[in-house]
Amino acid sequence: MYHQQSQELPHDLILSIQRILDLKDLPETDIVGDGFNAVDVINGYFPDEESLGQLDAVQAKLVRDEQDLRDEIAQLQGELKDHHRMQLTQEMISELVEQMYLIRDKAIESEAIVQKVTRDIQVLDLAKKNLSLSMTTLKRLQMLVNALSQLEDSVKDKKYPDITKSLSAVKQISASFKQYTSVPHIGQLWKRTQELQGEIRTLLESDFDFYYLQTPNSPKPATITAACATADVLGPDVRAALTTRYTALLLAEYRRVFRLSDEAGQLDNISRRYAWFRRILGTHEGGLGRAFLPEWKVGWWLVTGFIDTTRGDMAALLSKAGKDLTVTVLLDALQQTKDFELSMAKKFGAPLQDILQETSSTPARPLQSISSCFEPHMGVYVQHQDKWAFPAARPRAIADLLAPHRGSKTRASLDTHQSHSTIDDAEQTAMVVLPSSTELFYVYGQTLDGCAMLSTGKPLFDLLGVFKKWLRVYAEEVLVLQMRRTQPLRRSADVRYDQNEIKNACLVINTAEYCQSTAQELEEKVRQRINGDFKERISLQTECDLFISVASSAIIVLLRELEAVCEPALATLTRTTWINHELVTGQSPYIGDLVHALESVTEAIVPLVESKKYLRNLFDKASSLVFTRFTNALVRSRPLKENGAEQVHSLIIDVALLIDLSALKSCLLRLPGEVLTTHGYTRSVTKTTQCLETLLKVVVTPQDPAERFILNYTLLIGDASFSNFQKIIDLKGTPRAEQNDLLDFFITITSTKPELEQTSFLTALDMDPPLTSALGLTSPNGSRIALPGTGAGEALFGTLASPPISNTPSGADTPPRGDAHSTKQVFSDIRRLMNFAVRRDTGPQ
């Protein structure tokens with residue numbers, strides 16, 4: 001009894017049965033198959049309208065087909081249910097599998113029989129192949145014997161053309177017998193071949209030696225030309241040996257004449273060496289050299305031999321000279337060597353290094369040029385450049401070039417020159433940069449070109465170090481000294497600016513800009529010329545930064561002049577008594593003076609500075625300086641509200657100061673002009689003005705009631721700093737007794753506002769600003785002065801800030817806020833209460 005799953009045959013088994021019985025799949029009809037398409041079937045039955053009349057017949061046929069399929073399916077299902085038939089089918093399958101194994105075994109036996117039958121045929125094929133190879137070898141052996149016989153006859157007759165042909169044939173044929181040298185007869189032929197090649201080489205060397213001696217019995221040039229072809233057949237080592245021997249023969253006299261112990265062999269007579277070789281080279285080309293084949297390049301070998309010998313002599317002479325070596329002798333010898341090497345490269349139409357590479361006995365390590373032996377001794381030249389340069393044909397020391405511009409007399413000489421500017425304004429206007437800077441870089445260019453022609457290795461890198469040294473000297477000892485004030489400071493009431501001071505500072509800015517940009521070009525020029533080993537080490541960034549610092553220092557000088565001119569107007573603001581302001585009719589008189597001072601100095605500076613970058617930086621710093629000085633003057637003019645004054649009077653003060661501040665803002669915004677004004681500058685001025693306006697609005701706010709005054713402070717200022725609030729009430733001139741109550745209210749109210757910050761722009765506000773200027777001129781080597789403009793708002797009040805007053809709580813001392821527990825402990829700190837109690841002794845009186 002079979003289970004249901006045992007009655008279903010696997011799909012793989014069914015496919016195997018079909019392949020064995022050679023059964024084919026049922027043909028796909030219109031209905032049977034995966035590609036059934038009802039529309040195509042209907043169109044097949046009814047191709048046109050007339051066929052629609054057969055609709056009944058087609059329908060009847062489809063019904064019959066359907067019934068036949070049903071009957072066939074029922075029959076197959078019945079057969080599947082017949083267990084006996086299924087068992088019979090499985091037995092048949094087993095028999096078929098056994099037959100398949102039997103057929104496979106028969107096929108293996110048949111293959112073995114076929115191999116046995118064809119084995120004799122394979123042996124015969126191998127015998128045929130070996131016989132053919134033997135016949136070919138015998139023929140080549142016969143050819144080798146004949147060629148050796150001809151070669152022996154040609155060697156006896158010294159007929160180089162025949163020797164060349166026979167030797168070429170012998171070498172070509174004998175190469176195929178190299179693996180058969182163990183055979184005695186072939187080994188004898190191989191040995192004879194090598195002996196003949198040795199005899200031919202000896203014959204060649206003998207004939208070449210006789211040819212070099214030019215005796216009556218010497219071979220003719222045509223014979224030597226044919227011998228060159230024979231030498232090429234022997235191998236490149238024979239050619240190299242013959243050319244080396246010829247080179248040594250021609251240079252033997254050179255070694256004798258130019259010995260290091262003789263005068264002719266000294267360094268200052270190097271020109272005689274090159275003249276001698278040119279003469280020998282001409283003799284070679286017009287005499288013995290005509291017999292050599294052009295591809296031998298005997299002239300290249302002569303150049304290589306001469307360079308090898310001369311380089312060794314030069315290295316020995318330079319080492320022997322040591323400290324006694326003068327730069328004149330060194331440069332003269334090096335220049336003549338460079339000219340000689342260039343002439344040889346031009347004569348043979350190839351770079352000198354390629355000539356040395358091809359004719360070197362060790363191509364992996366070719367010979368070096370004669371000029372390369374000078375590089376270890378080029379320090380003499382570099383040290384000389386530290387003192388001397390060669391502009392045009394007139395030697396001049398760099399130190400002497402800069403000497404008139406260094407020292408304590410530098411500024412005085414410049415002032416003397418500028419004092420005569422009224423005599424020749426055109427000449428003064430034309431001087432945009434200091435002439436010494438252009439002359440310095442002209443010397444640099446000439447020196448760089450001269451050094452690059454001599455060497456592009458370490459000497460050029462060392463020369464860059466000399467350039468760096470004198471650039472630093474020029475920045476620190478020429479440009480910086482130009483800005484040191486030698487005249488006494490002007491009086492505070494003097495509203496006129498120093499025209500010479502401004503012109504001098506602008507000249508320094510232009511010169512520093514020129515030096516910085518030209519130094520960058522110099523760096524790129526050196527990097528293009530120097531060898532690859534030093535390219536990554538080439539940098540003049542430090543020197544460029546130094547010139548930027550010099551320009552920034554010159555900008556400080558201009559700001560110092562600007563501050564001095566603005567000082568009288570700001571002093572007027574400091575002495576202003578705000579209680580006397582009864583009516584606002586417009587801007588205060590001091591603002592007009594301040595605006596006039598700013599515009600006059602600006603009009604004097606802008607035409608003299610070439611770089612817009614530095615002008616923008618100047619205006620950024622100037623706006624910050626003016627706002628800082630204005631704020632300091634305003635702080636020193638406190639109180640801004642007299643104790644007990646009316647609210648109307650506070651508004652008058654507020655309106656007056658806001659009008660003044662607006663006029664100052666308008667002046668600063670139009671100072672740079674349309675070309676120099678940037679969005680950053682406008683944003684900075686606007687933000688700083690807004691901070692000052694906020695400060696004024698808080699100061700003039702009535703402090704009664706206190707809660708509204710403090711809430712207004714937190715709304716406008718936006719911080720909970722104890723010390724910042726103290727600054728506000730100090731500016732208002734609030735009495736000490738009232739300050740304690742206000743501070744008490746402030747702590748109580750701000751403790752309930754955790755969203756407030758601990759700092760604001762008031763944090764950096766100095767309540768005791770210095771009377772003297774905060775500007776100073778320092779050495780640019782100390783630190784780099786950044787060019788970007790200062791920030792607005794908070795940065796303004798931080799420029800001239802002083803430490804907080806002792807025993808005065810700062811923003812960091814404000815008690816923490818944010819939860820109920822911290823609010824309850826506002827007054828739990830005894831030390832904080834003590835500091836609060838003694839404020840009447842520490843605050844401004």
Side-chain angles (χ1 to χ4, degrees), residues 566 569-599 622-643 645-671 681-704 708-709 711-719 724-725 727-734 760-762 764-767 769 792-797:
C566 297
L570 295 174
T572 302
L573 172 61
T574 303
R575 296 190 298 268
T576 301
T577 303
W578 297 106
I579 191 60
N580 297 328
H581 279 66
E582 301 294 341
L583 182 63
V584 179
T585 59
Q587 66 183 27
S588 304
Y590 74 89
I591 284 294
D593 298 338
L594 181 61
V595 170
H596 176 72
L598 292 174
E599 291 177 346
S623 63
S624 177
L625 174 65
V626 171
F627 277 126
T628 301
R629 299 291 291 164
F630 180 83
T631 304
N632 290 345
L634 189 64
V635 170
R636 297 188 67 85
S637 67
R638 66 182 186 274
L640 301 182
K641 175 182 177 296
E642 188 70 17
N643 184 28
E646 300 177 355
Q647 182 177 359
V648 175
H649 188 269
S650 298
L651 293 176
I652 291 176
I653 297 176
D654 185 24
V655 171
L657 288 174
L658 290 178
I659 291 177
D660 295 345
L661 186 59
S662 176
L664 180 59
K665 172 185 175 182
S666 301
C667 173
L668 292 176
L669 288 178
R670 68 172 180 268
L671 277 183
Y681 175 80
T682 303
R683 183 170 58 251
S684 174
V685 172
T686 303
K687 186 175 181 180
T688 304
T689 307
Q690 291 174 351
C691 292
L692 289 175
E693 290 175 350
T694 302
L695 174 64
L696 294 176
K697 291 178 181 179
V698 174
V699 169
V700 299
T701 301
Q703 63 187 39
D704 188 19
R708 186 176 64 179
F709 172 66
L711 290 176
N712 184 61
Y713 171 88
T714 58
L715 178 64
L716 295 178
I717 303 300
D719 72 5
N724 289 347
F725 184 71
K727 295 175 183 179
I728 294 296
I729 59 179
D730 285 346
L731 289 174
K732 291 177 65 68
T734 304
S760 66
F761 66 90
L762 288 178
L765 180 62
D766 189 1
M767 295 303 293
E794 294 83 351
L796 165 67
F797 295 96

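Taking CG from Leu716 and NZ from Lys697, the interatomic distance works out to 7.5 Å, rounded to the nearest 0.5 Å. Expressed to the nearest 0.5 Å, how far SG of Cys566 lies from NE2 of His596 amounts to 11.0 Å. For the atom pair Leu625 CG and Phe630 CZ, the distance stands at 13.5 Å (nearest 0.5 Å). Rounded to the nearest 0.5 angstrom, Thr694 OG1 and Phe761 CZ are separated by 5.0 Å. With values rounded to the nearest 0.5 angstrom, Thr686 atom OG1 is found 5.5 Å from Leu669 atom CG. Atom CE of Met767 is separated from atom CG of Asn632 by 10.5 Å, given to the nearest 0.5 angstrom.
Residues passing the ring pair (Phe, Tyr, Trp, His ring centres under 6.0 Å) test with Phe709, sequence neighbours excluded: Phe725.
Between Leu664 and Leu594 there is a side-chain heavy-atom pair separated by less than 4.5 Å. Using a 4.5 Å cut-off on side-chain heavy atoms (C-beta onward), Leu661 and Glu693 make contact. Between Leu634 and Leu731, the closest side-chain pair of non-hydrogen atoms is not below 4.5 Å. Counting only heavy atoms from C-beta outward, the side chains of Leu762 and Ile728 approach each other to under 4.5 Å. The closest side-chain heavy-atom distance from Ile717 to Leu695 is not below 4.5 Å. Between Thr572 and Arg575 there is a side-chain heavy-atom pair separated by less than 4.5 Å.
Tyr681 places a side-chain N or O within donor-acceptor distance of the main-chain N or O of Leu668, the cut-off being under 3.5 Å. Between the side chain of Ser662 and the backbone N or O of Leu658, no donor-acceptor pair lies under 3.5 Å. Checked by atom type and distance alone, the side chain of Asp593 never pairs as donor or acceptor with a backbone atom of Ala569 at under 3.5 Å. Judged by distance alone, the side chain of Arg636 and the main-chain N or O of Ala633 form no donor-acceptor pair under 3.5 Å. Distance alone, capped at 3.5 Å, places no donor-acceptor pair between the Thr688 side chain and the Val685 backbone.
Nearest heavy-atom pair across Leu573 and Ser637 is O-CB, 3.4 Å. Of all heavy-atom pairs spanning Val700 and Lys732, the tightest one is C-NZ, 4.2 Å. Of all the heavy atoms in Asp730 and Arg638, the pair that sits closest is O-CD, 3.6 Å.
When Asp719, Thr701, Asn724 are each tested for a side chain to side chain donor-acceptor pair (under 3.5 Å) with Tyr713, only one passes: Asp719.
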